[in-house]
Structure formats: structure tokens, C-alpha cells
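Notes follow the structure.
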Protein chains: 2
Amino acid sequence: MTQDGRLIRGERTRSAVLEQALLLATVAGLDGLSLSQVADALGVSKSGLFAHWRSKEALQLAVVDQARAQWTDRVVRLARAAPAGVRRLWAVHDSRLAFYEAKVLPGGCFFANAHFEFNARPGVIRDRLAAELADWMAFLTGLAAEAVELGELRADVSPGGLAYLTESLGVCAVMQAPVLGAETTCGQARRALHEHLRAVATDPTILPELT
Amino acid sequence: MTQDGRLIRGERTRSAVLEQALLLATVAGLDGLSLSQVADALGVSKSGLFAHWRSKEALQLAVVDQARAQWTDRVVRLARAAPAGVRRLWAVHDSRLAFYEAKVLPGGCFFANAHFEFNARPGVIRDRLAAELADWMAFLTGLAAEAVELGELRADVSPGGLAYLTESLGVCAVMQAPVLGAETTCGQARRALHEHLRAVATDPTILPELT
DNA sequence: CTACAAAACGACCGACCGTTCGTAAATATA
DNA sequence: TATATTTACGAACGGTCGGTCGTTTTGTAG
């Protein structure tokens, strides 16, 4: 290990592997991910991967971390710029759809893909994905509850129900993207939540107009 | 071939294989499906499968047919009993969620799983899945349009938007099922669409109460 | 009973999988 | 420069995969 703060060699390849593995996993699936393909794509040896992770499963868990970090950076962080309440909830929805439209990941959404892949496969990975989903839903529910407390949404709005609706529209958008095109389906997801929020907001003009 | 109408041996094993393959595919994925496992589960030889389908891909396409037939029988057919219009749209949503709750398929929803699995994998299977999804969305949109024409929904309701919302809630329900339990998540999906339909219906009492 | 065709089988193939292990190169410390 | 440690490598292993082929069983028709 170096004494200064520079990235040592191992850490550089480690993050390069994770980045590449995330890309491949969103296409081939987290389980369908092939260590040979990851290694070949980076020009490193397959056996070298086992110096960083003791097994394929350990690498898969690290990929989940990588996806979470990317999601936090590209979706959650952007939304924190919006003022708390209904506008922040909308910002999350919007930047999430923008993330899909930007096609950062060739396979659409890592978490959606992984959830359906491990739906019926108990184990460490499914538990981890479940925890991530619970976190995410709690985050959305918290945003909705905040909007109610601020008086920006009608008092009879259920934060959990609104979070569920928001998540539903996002998931469906990425599912239909390959069929209808990401722009079309993300547009539908935007319009649907926009209309719904305007309908349950105390001040319908609080949201920006949809272009 | 027999001269009477009885099922000959080949057809019986053929349908038994498809049934078993559908079960396994919803867990391991349509691509992760193993011919050896299918054969072993039925006590037949793997090589015998190639007498019915020339390749794994051909079997996979047949499994899609099988899933479609099951879906039509367990979801669409039930809904046709409801009167046309908003009540039929609701019946589709309700029987679909009941199908999930009944846990007929151990992996949740075959189509949802398959869509996310093949999201970024062009080819015959993805094209087929895309066609199925297009059919399904057209079906939902038609139901919504019918409800508008009958005057049961406000005239400014977009049939496509309503269909998208309905599909979203269903997909998200099956995605979250392993985390929160199918009953909880299907309940949320029911409540969400029920509220929405009551809000946009010309006569809010047209739908049955939610128990 | 014989003849024939549909159906199923067992053995085998090459390819790829995740994993192990002994060794060599690269980089740090002294 | 010499040493120690991290990092990466090539070769090989057992196992599973989809797929092929020749043979045998099964069920019907004549």
C-alpha cells in the first residue's frame, strides 16, 4: 500500500472491473454474468479476479454496491437540489427517467432487472436486493410524507400509496422501453405522475409545466 | 397417429414438458432454463426433447405460447364475464393480481420476468415478447377506450395513459412481492387503481367496494 | 403375427462455466 | 540495490451446458 493518497494499482483494476461488470450484468443478468467476459473485456486474466473477490457471488454483491453508488450519484443527488416536498419527489421521478433515457446502462435499469431475476431465488443476493428496494421505497415514502407535512399535498394522501405509484410508473417505463422506445415510455411515466401530483396538490401550479 | 381424437403419447409428453418448462423458466429465467433440469423433473431423457423441438430456442418460444395461453385462460377469460367498460378494466386488474396472489407460478409473473431478462438482448425471443406486450397494452387501451365511449369515464381521460397506469401497478406489484409479500403489494396495486378509477369515473359508485 | 412409424433413450461431443494453484511480474519498503 | 508484498498470470480441473447420433422401445395398422 502506498503512503500517499494515490490510487494503487489494485484499486484501479478493482473499480474498472466493477464498472465493466455492471455494464455486462444489466445485459446478461447478474447471474448470467460471465467472469470470462468481464476479464476479456478489460484485457485481464480471469483468475486475477479471484485475488479481489473470493467467489463470483462476492463480485455480484460488489456489483450491487456499484449500482447503488451510481444510482445515488445520478438520481438521488440531483434531486436533493430541488426544494423539499412535492417538487423534490417530482425531481426524483424526473431524474430517474432521465437516467433511463440517457441509456447509461445498456440493459435499462440494473435494479429492476436484478429484482425480477432473483424474484424466486432465495439467497444472499436476493436478500441484498430486497434491502435495497426497502431503502428506496422508504426514501420515496419519506419524500411523500414530507410533502404532506408541508401542506403541499392534500392531507388525505397516503405517502406509501404515492410512493408505490411513483415506483410503479418508473419500473413500467423501463420495462416497455425496448418495445416503444425510452423517450415514449418515459414520457408516459412523466405525464402520469405529473397529472396525479397536480390533482392531489393543494397548489397545482407548484410543479413546473411539462414540456 | 391414432385415428380417434384421443391424445397420442407424444402430445401428452409435449404438453407436460411445456408445463414443467414454464414453471422452471419463471424461476431460473427463460434463458437460464436448463433442458437437463426439465427432463429430469419429468423423468424423461434430455435427448428426447429434441424430437419435439429442434433447439432450445424453439422450446423457449413454445414456452412463451404456453404462458400466453395460461394468461388468457386465468386472467383475460375471467374478465370477459364482467360488463364492458370500466368494470371490465377493473376485473382485468383484479384477476391479474389474484393470479399473482394464487402463486400459480413460483417465479411470480413469467412475462414480467422475461421482459426484463431480454430487455437488452435482441433476437427472436425478444421480438416475440415485444409483440405479446404490444398486444396486451392494446387490449388494456381498448378496454379503457370502451369505458370512455360508454360515458363511464370522463371524456378527457386518455385510454393509453390509463392502460399504462394499470400495467404499471400490476408490474410493480409482482416485482415487490418477494419483499413485502404478494398480499400486501397486490393490495396496494388494487387500492391505487381503485382510487384512480373512482376519481375519473362519471359515476364513482360503478365499481364494487374494496374489501 | 408382421411391418412400420412415432417416440424415447443412452452415450458421447465440444464449448463454456467457476475455481484452484504454483509462478512470474510489478511495486513498495529498507 | 536488495527484499518483501501486492498483483496478475497461465494452465489445468471437474462440472454443466446445448446438441448429435444410432439404437431400442412403444403403439398402431395391415
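So you know, we letter chains A, B, ... as the sequences are listed, proteins then strands, and number each from 1.
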Interatomic distance where [atom1] belongs to [X] and [atom2] belongs to [N] [whole Å]:
X       : N      : atom1 : atom2 : answer
B:Ile8  : D:dG27 : CD1   : P     : 12 Å
A:Arg12 : C:dA26 : CZ    : C1'   : 12 Å
A:Leu49 : C:dT20 : CG    : P     : 13 Å

salt_bridge([X], [Y]) N-O dist < 4.0 Å:
X        : Y        : answer
B:Arg126 : B:Glu57  : no
B:Glu132 : B:Arg128 : yes
A:Glu101 : A:Arg190 : yes

- Task: Please determine if a side-chain N or O atom of A:Thr13 lies less than 4.0 Å away from the OP1 or OP2 oxygen of D:dA8.
- Result: yes

- Query: Does a nitrogen or oxygen in the side chain of B:His52 sit under 4.0 Å from OP1 or OP2 of C:dA6?
  - Reply: no

- Message: For a 4.5 angstrom cut-off between non-hydrogen side-chain atoms, does B:Glu167 reach A:Met175?
- Response: yes

- Task: Verify the ring-centre separation between B:Trp71 and B:Phe110: is it less than 6.0 angstrom?
- Result: no

- Do nucleotides 13-19 of chain C as a string where each nucleotide becomes B, S or -: B if the base has a protein heavy atom under 4.0 Å, S if just the sugar-phosphate does, - if no protein is that close. ----SBB

- Aromatic rings A:His194 and A:Trp90: how do their planes relate, parallel, tilted or perpendicular, breaks at 30° and 60°? perpendicular

